[in-house]
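Throughout, numbering of the chain's residues begins at 1 and tracks the sequence.
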Amino acid sequence: MVKLGAALSHGEVIMSYIAPVKDLLFNIEHLAGLEQVASMPGFEDAGMETAQAVLEEAARFNQEVLAPLNWDGDVNPSSWKDGVVTTTAGFKDAFAQFAEAGWQGLQHPTNYGGQGLPKTIGAACIEMVNSANMSFALCPLLTDGAIEALLTAGSDELKTVYLGKLVSGKWTGTMNLTEPQAGSDLAMVRSRAEPQSDGSYKVSGTKIYITYGEHDMAENIVHLVLARVTGAPEGVKGISLFVVPKFMVNADGSLGSRNDVHCVSIEHKLGIKASPTAVLQFGDKGGATGFLVGQENRGLEYMFIMMNAARFAVGVQGIAIAQRAYQKAADFARERVQSRPVDGSIKASAPIIHHPDVKRMLMTMRAYTEGCRAMASVAAAAYDAAHHHADADVRKQNQAFYEYLVPLVKGYSTEMSLEVTSLGVQVHGGMGFIEETGAAQYYRDARILPIYEGTTAIQANDLVGRKTGRDGGQTALAIAAQIEGTEKELLGDGSADAKAVAARLKSARLAFIDVVRFVADRSKDSPNAVFAGSVPYLMLAGNLVAGWQMARALLVAQAQIAAGQDLAFMKAKVVTARFYADHLLTKAPGMRDSIVQGADSVTALELDAF
C-alpha cells in the first residue's frame, strides 16, 4: 500500500488486482444458468467444470501478466514517431502470451481455430482482462468485433484469408467509422472507394479515433473501413464496408507489400493512455487496396455487428474498472487510520473503514458493480440462447431480450463506473487526488466509457426508438412481468430482507412501466418530450434490471445459507442485494417523475439564454 505522509514514488504503489472469480462463477451458475447454455448444440462441453477451469486460468494470467503493466501504461504511454507507434514496454510480450494461450479465440468458432466457448463464459474473462489492464484489453476487444463482422457478412474468400489469423491473435482488427467532420453522424462519411478491374477497391480518406489503428504488437492489422463507392447515394444508405489490411496478403497467406494506409498521429488523452488512438490516412499514394465486405451500400448494417459486440464489451469495461476501483478503495480504507468511530467502539483513531459514510461509499461501489456484473452475465446467456438454442421461438425471445439489454449494459454500466471510480477517489480523500496513489487512473480511464462506441444519449435513442417504440413497449413490459414473478418469489421466501427487497423492486417496476408506456405512447406525437427523458429512461431501466438480478441473487444466497453453503460469501451477497434495493432502486420513482412530468423544463429555455 501507499506509505502515507511520506514522499511517494512509483515503486511504492502496488497496483494489485484480485479477480472476483467466485462472484463471476456465482452469476454464471445461478443467474445466467450455464448448465442450460451447455445443453445447447455446440456447447456440450461448456458446463460449470469448464467455466471454473477457464476463469481460474484467466484470473492467473490477468493478475500475473497484465495487471502489473497497468500503471506503467499510464505513466509511459504508447508513442508515435514518423508513422510508427511503439506501445508501452511489456505490452508486446504480454500480447504474445495472450495470443499463444488462446484468449483471443475463446468465444470464436473452432473451425477457425477458436475454442467455441459461449459468451456466458467469455464475458467473465473479458471483465478480468479489462480490470487488469483496460488499455491493453482494447486491442482484443476491437479484434473480436472485426471477427464477428467477417463471420456474419464476409465472403468465403475473406474468411479464409483473415479469420484464422485474427482468431489466433497473430493479426489484430480495427473499426474505422469516424472522420473529422462526421463524429457520430455517419451520414457525413466522405471516405471514398473506387472499384478496380480485379474486384478490389482503392480506398481514400481520413479516419480518426481508431483504437490500436497502429501498433507493434502484431504482424498485421486488419482495418474494417466505412467508405462510399463512387456514385453511391448520399447519407447512410450509400455506405459500404471494406477490409483494408496494413500489409497485403499473398496467395500463400504470407505478408506482402505495405498497403497505402498510414498513421499520421495518435491522440493525447485523459485516460487509457497506453492504448494508441490513431489518425489513419488512407490513399495518400494512389489509394489503399480494400476488399468489399458483403454487398455495396450495406456497410452500416454490417458495421453495427461490430458495434453491438463492442457496445456490450464496453459495458463490461465499466464493470471491470468499477471492480478495480472498489478493490483499491476497500484496501485503502482498511489501512488508512483517521479519527475515532462515532459510536465510541474504538477509543483511538481507527481505520476509516469503521466510519459509516466510508461504509456507505464502499457499499455503493460494491452494489453497483455486482448488480451490473449480474446484468451483463444474464445478457450474455441470452445472446448464447439467441444464437444456439434448438427452438426458433426461444431464439427469437432471447434475441429481443438481449437487444433490449445491450444499451443498458453499455449505458448504465459505464455511467455507474464514473460514480464508482469517483467514489474511489473520495474514499482516498486528498490522497486520491494525488496521481501516485493510483486511484485517479481508474477515474480518468473510466471517463471515455460513456462516450466511445456511441454516447449514452445514442444508447438511449436506440432504447427509445428501436427497443421500445418499435414494438409498442412489448419487450420492456415482458421483462417487467418477469420481474413481478421474482417479487412473488421474494415474498414467498419470508425473510425480512426478501420482503424489503420485494417492496423496493415493485416500486421500481411500477415506475418503469409508467415510463415505458409514456415512451411508447408519446414517441410519435411528442418526440422532444420523450427524448428529453431518454437517458433517464435508460438509467431507470438499467437500475431496475441490475436490481432485479440482485434480488434473484438474494434468493439463491438465502437458499445456500439454509443449506450451510459458503456462508460468508452468501451472507455478503444478501447484504449487498439489500443495500442495492434500499439505496439504488429507490431512485426509480423520482426518475419516473422527471421523465414523465419534467420534459417542459428541459426544452423551455430560449436558445440564446444558454
Kindly indicate whether the side chain of Ser417, heavy atoms from C-beta on, has any atom under 4.5 Å from the side chain of Ile319.
no
Check whether Gln63 reaches the backbone of Ala19 with its side chain - one donor and one acceptor, N or O, closer than 3.5 Å.
yes
Lys573 charged N/C atom sitting above Phe26 aromatic ring, 6.0 Å / 45°:
yes
Ignoring hydrogens and angles, tell me if any N or O in the side chain of Ser534 forms a donor-acceptor pair with the backbone of Phe531 under 3.5 Å.
yes
Polar side-chain atom of Thr468 near backbone of Leu463 as donor-acceptor pair, under 3.5 Å
yes
Just by modelled atom types, is the Ala132 backbone N or O under 3.5 Å from a matching donor or acceptor in the Arg324 side chain?
yes
Output yes when a side-chain donor or acceptor of Gln459 lies under 3.5 Å from a complementary backbone atom of Gly454, and no otherwise.
yes
Ile126 vs Gln107, test: side chain to side chain contact (heavy atoms under 4.5 Å, CB included). Steps then yes/no.
CA-CA 10 Å; Ile126 289 170; Gln107 300 176 66; 3.3 Å; yes
Using side-chain heavy atoms (C-beta onward) and a distance below 4.5 Å, is Phe579 in contact with Thr364?
yes
Under a 3.5 Å distance rule, please check whether Ser39 uses its side chain to pair with a backbone N or O of Gln36 as donor and acceptor.
yes
Before you tell me yes or no, could you show the steps for Tyr368 and Glu419 under side-chain hydrogen bond (donor to acceptor under 3.5 Å, both in side chains), namely the whole-Å CA-CA distance, both residues' side-chain angles and the distance that decides it to 0.1 Å?
CA-CA 9 Å; Tyr368 267 133; Glu419 183 173 347; 3.2 Å; yes
Are the side chain of Arg366 and the backbone N or O of Thr576 linked by a donor-acceptor pair below 3.5 Å?
no
Considering only heavy atoms from C-beta outward, does the side chain of Met134 approach that of Gln317 to under 4.5 Å?
yes
Please confirm whether the backbone N or O of Thr456 pairs with a side-chain atom of Glu415, one donor and one acceptor, at under 3.5 Å?
no
More than 12 non-hydrogen atoms from neighbouring residues, nucleotides or ligands closer than 6.0 Å to OH on Tyr443, yes or no?
no
Once the angle between the rings of Phe43 and His388 is folded into 0 to 90°, is it parallel (under 30°), tilted (30 to 60°) or perpendicular (over 60°)?
tilted
Give a yes or no on whether the ring-centroid distance for Phe136 and Phe98 is below 6.0 angstrom.
yes
Between the side chain of Thr437 and the main-chain N/O of Ile434, is any donor-acceptor distance below 3.5 Å?
yes
Derivation and outcome, side-chain hydrogen bond (donor to acceptor under 3.5 Å, both in side chains), residues Asp493 and Ser495
CA-CA 6 Å; Asp493 177 90; Ser495 69; 2.7 Å; yes
Just by modelled atom types, is the Thr120 backbone N or O under 3.5 Å from a matching donor or acceptor in the Asp384 side chain?
yes
Does a side chain donor of either Arg373 or Gln323 reach within less than 3.5 Å of an acceptor in the other side chain?
yes
Can you confirm whether more than 12 heavy atoms, excluding those of Phe569, are under 6.0 Å from its CZ atom?
yes
Rounded to the nearest 0.5 Å, the OG1 atom of Thr486 sits from the CZ atom of Arg509 at a distance of 10.0 Å
Check for me whether Lys119 meets the cation-pi criterion with Phe312, that is, NZ or CZ under 6.0 Å from the six-membered ring centre and within 45 degrees of the ring axis.
yes
Looking at every heavy atom in both Phe401 and Ala382, which two are closest together, and how far apart are they?
CD2-CB, 3.6 Å
Aromatic plane relationship, Tyr383 with Tyr402 - under 30° parallel, 30 to 60° tilted, over 60° perpendicular:
perpendicular
